[in-house]
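Worksheet: one structure, shown below.
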There are 2 protein chains.
Amino acid sequence: MKFEPVTIKDIAKALNLSKSTVSRALRDSYEISSETKEIVVAYAKSVNYRPNPIALNLKERRSRTIGIVVSEIANSFFSQIINGIESIAKENDYNVIITQTLESYEREIEVIHNLAQSVDGLLISLSSETKDIAHIQLLHDRGMPIVFFDRIIESIEAHKVISDDYKGAYSATTHLLENGYKKIAFIGNTPNLSIIKHRKEGYLAALQKAGIKPKESYIKYCEHGGMYYEEVEEIINQLFKLKDRPDAVFSCSDKITTNCFRYFNANNIILPDDIALIGFSNLDLTGFMKPSLSIIKQQAFEIGVKAAELLIKQIESKRPVYEYSKIVLDPELFIRDSTQKRKNTQ
Amino acid sequence: MKFEPVTIKDIAKALNLSKSTVSRALRDSYEISSETKEIVVAYAKSVNYRPNPIALNLKERRSRTIGIVVSEIANSFFSQIINGIESIAKENDYNVIITQTLESYEREIEVIHNLAQSVDGLLISLSSETKDIAHIQLLHDRGMPIVFFDRIIESIEAHKVISDDYKGAYSATTHLLENGYKKIAFIGNTPNLSIIKHRKEGYLAALQKAGIKPKESYIKYCEHGGMYYEEVEEIINQLFKLKDRPDAVFSCSDKITTNCFRYFNANNIILPDDIALIGFSNLDLTGFMKPSLSIIKQQAFEIGVKAAELLIKQIESKRPVYEYSKIVLDPELFIRDSTQKRKNTQ
DNA sequence: CTGAAAGCGCTAACAA
DNA sequence: TTGTTAGCGCTTTCAG
């Protein structure tokens with residue numbers, strides 16, 4: 001069954017006017033007599049006329065739609081970002097199409113291709129698997145407005161909105177050190193991701209400051225960004241097989257953090273006595289877990305807001321943009337029970 | 001700056017052919033010589049030609065897009081449903097536009113209006129505030145394919161996909177009763193919602209079966225569906241002021257459930273000793289909370305799959321659909337610590 | 001086998 | 001003040 005909306009043509013026919021008169025009347029053009037306007041508007045309302053946005057898009061060669069590419073919607077960090085984006089999009093009368101890569105490079109290529117022709121601009125956070133960025137570079141070169149957030153591409157000149165990952169990692173690691181944990185493992189998504197590079201740098205810097213030599217065997221990555229429990233399981237198994245088993249884990253993503261938690265729970269490893277755990281996460285519930293989880297929380301909503309603002313500004317700018325901004329937001333450390341040895345509990 | 005994709009016209013000009021020949025060649029029409037085809041296809045590829053989907057949409061009077069209306073993306077139940085929908089949409093080459101009402105009637109009207117013209121069909125779960133359904137009825141009457149899921153409208157004839165809410169509520173309440181809780185409070189979103197009606201019936205039936213007379217004062221609703229912590233706070237305060245204070249809470253939504261948890265936590269009310277808590281939730285982390293939360297979990301992904309399948313089938317059906325299916329999926333009860341008195345711990 | 005032209009719904013330059 | 005026409009990118013009769 002077909003949904004057949006009423007068109008300007010229908011109205012014109014019904015009222016014995018031309019399409020253009022109707023169009024102008026509806027847009028309240030100065031060249032239409034007020035009587036005609038009234039008639040048209042009244043009739044349009046009575047038949048519940050709505051302009052066909054597709055026709056408008058074709059005409060104006062724009063869609064008033066922005067595309068979002070994230071790794072997973074069902075991830076509090078990204079869904080909060082999306083909320084931020086939506087609030088700005090709504091304000092500026094843009095629609096939003098959300099796509100998820102599920103951390104897969106293949107899917108990223110596919111969704112970006114699909115989006116490419118139907119949006120006015122793109123808000124992208126890379127998938128964990130992505131190493132080659134040709135598919136994005138191409139679009140960018142052809143003038144598609146793109147703003148990167150969170151997992152950005154350093155080599156492409158564009159607006160970027162990120163957290164201060166270095167600082168977040170540095171303070172989390174320092175917190176662990178101050179609480180007596182010296183053998184700190186680092187679990188990241190994949191080394192190609194900008195955020196992971198910076199987080200690793202922060203982690204290393206904190207160790208160095210404390211005079212601790214980093215161990216290669218403590219630094220681990222998840223091929224699929226921690227999407228699958230098995231990846232994380234495998235990594236922790238490896239860590240636990242080491243002669244000098246780590247006494248703390250610093251994790252780089254929500255998914256990895258909660259998967260670590262699951263592992264410890266399933267294997268009767270007690271936090272924070274057997275091992276400490278801190279990680280990037282934007283999940284509200286982490287405060288209610290057993291034990292409550294120390295986290296580094298990002299200003300997700302704000303990231304979305306800033307990214308959307310920059311993108312819309314760029315889309316609507318008359319001339320090409322040459323000056324790009326890089327907005328860096330501070331993450332916040334929440335110190336809870338999973339990183340404080342019982343005796344030290346404050 | 002503008003993103004200017006190459007069009008069929010460009011190719012035609014470059015190759016000294018007509019638009020129609022190019023179009024046909026690209027669609028591999030039988031009436032085009034294989035040489036011409038080769039030339040065109042090769043050239044198109046070399047310039048990275050992509051058909052303009054907007055033009056196609058206008059032509060075909062369809063958008064290959066389905067619209068989703070949920071109350072909140074950042075809600076595990078809905079994001080899992082969305083994943084289910086997306087998987088089917090992708091298979092069938094449909095795009096998806098996700099919108100959220102944030103439980104507001106106003107927003108629901110707005111997003112549905114926006115969607116109405118740009119999608120081929122709608123997947124709707126009502127907002128908690130919605131009582132009047134004229135905005136949806138109108139679309140439906142005009143032939144827009146709509147499938148309802150979760151919070152459905154009984155009075156509209158359409159495909160519907162839901163959980164067996166009655167059963168979920170019945171078994172959760174029965175579980176509480178069997179564990180010695182007799183004074184069970186019921187907290188729902190709003191009484192106008194189909195799911196809440198059924199859950200209340202299940203709750204009442206379980207009480208009756210156990211020979212317990214329900215108390216009006218134990219049955220509470222959240223005007224905004226539990227979106228705001230304050231609503232839930234207010235309700236629990238009311239419950240706790242009763243002479244005969246409840247010893248258990250049965251909650252009807254993820255948001256309410258976690259907000260109850262927050263309240264208890266903040267006010268040093270110990271679960272399950274001071275009070276028991278069970279609720280509908282699809283959050284994985286509930287199993288790791290302190291105490292671990294008993295929940296009724298719905299087959300969210302499956303709901304999305306079924307709803308999307310029905311919708312796409314309806315969109316693509318040649319003739320009007322008169323037979324509507326109502327798919328009912330069983331929820332699953334997860335019994336954990338928040339509803340089992342310490343002595344009873346298994 | 002290929003091209004010209006119409007049309008999807010809308011706007012806007014140009015006529016009247 | 002209103003109508004005619006062309007055109008956005010594409011497909012598809014209808015002619016050649």
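By convention in this document, chain letters (A, B, ...) are assigned in the order of the sequence lines, proteins followed by strands, and residues within each chain are numbered from 1. Computation of the quantities below employed the complete heavy-atom set of this structure, encompassing side-chain atoms and omitting hydrogens, waters and symmetry-equivalent molecules.
- Contact detail for B:Arg151 and B:Ser128: the closest heavy-atom pair is NH1-N, 3.6 Å.
- Side chains of B:Ser127 and B:Thr130: a donor-acceptor N/O pair is present below 3.5 angstrom, by distance only.
- Ion pairing between a basic and an acidic side chain is recognised when a charged N comes within 4.0 Å of a carboxylate O; B:Glu31 and B:Lys37 show no such pairing.
- Atom CD of B:Gln137 sits in a crowded spot, with more than 12 heavy atoms from other residues, nucleotides or ligands closer than 6.0 Å.
- Within the structure, the ring pair (Phe, Tyr, Trp, His ring centres under 6.0 Å) test picks out the following pairs touching residues 102-122 of chain B (sequence neighbours left out): B:Tyr105-B:His135.
- Near DNA chain D, meaning a heavy atom under 4.0 Å away, the residues from residues 31-43 of chain A are A:Glu31, A:Ile32, A:Ser33, A:Thr36.
- Contacts with DNA chain D (heavy atom under 4.0 Å) in residues 11-27 of chain B: B:Lys19, B:Ser20, B:Ser23, B:Arg24, B:Arg27, listed by number.
- In this pair, A:Tyr324 and A:His140 present their aromatic rings tilted. The plane angle is within the 30 to 60° band.
- Looking at A:Lys326 and A:Glu154, a side-chain N of the basic residue comes within less than 4.0 Å of a carboxylate O on the acidic one, giving a salt bridge.
- Considering every non-hydrogen atom in both B:Asn92 and B:Arg64, the closest pair reads O-NH2, 3.0 Å.
- Residues B:Ile153 and B:Ile136 meet the side-chain proximity criterion, which asks for heavy atoms closer than 4.5 Å.
- Under the side chain to side chain donor-acceptor pair (under 3.5 Å) criterion, B:Glu72 pairs with B:Lys255, not counting sequence neighbours.
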Q: Show your reasoning for whether side-chain contact (heavy atoms from CB on, under 4.5 Å) applies to B:Asn114 and B:Thr99.
A: CA-CA 10 Å; B:Asn114 285 341; B:Thr99 61; over 6 Å; no
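- Exactly one of A:Asn192, A:Leu138, A:Ile156, A:Ile124 qualifies for a side chain to side chain contact (heavy atoms under 4.5 Å, CB included) with A:Ile133. That residue is A:Ile156.
- In the 5' to 3' direction, nucleotides of DNA chain D lying under 4.0 Å from heavy atoms of chain A begin and end at D:dT1 to D:dG9.
- Taking the 5' to 3' direction, DNA chain C first and last meets chain B under 4.0 angstrom from a heavy atom at C:dC1 to C:dG9.
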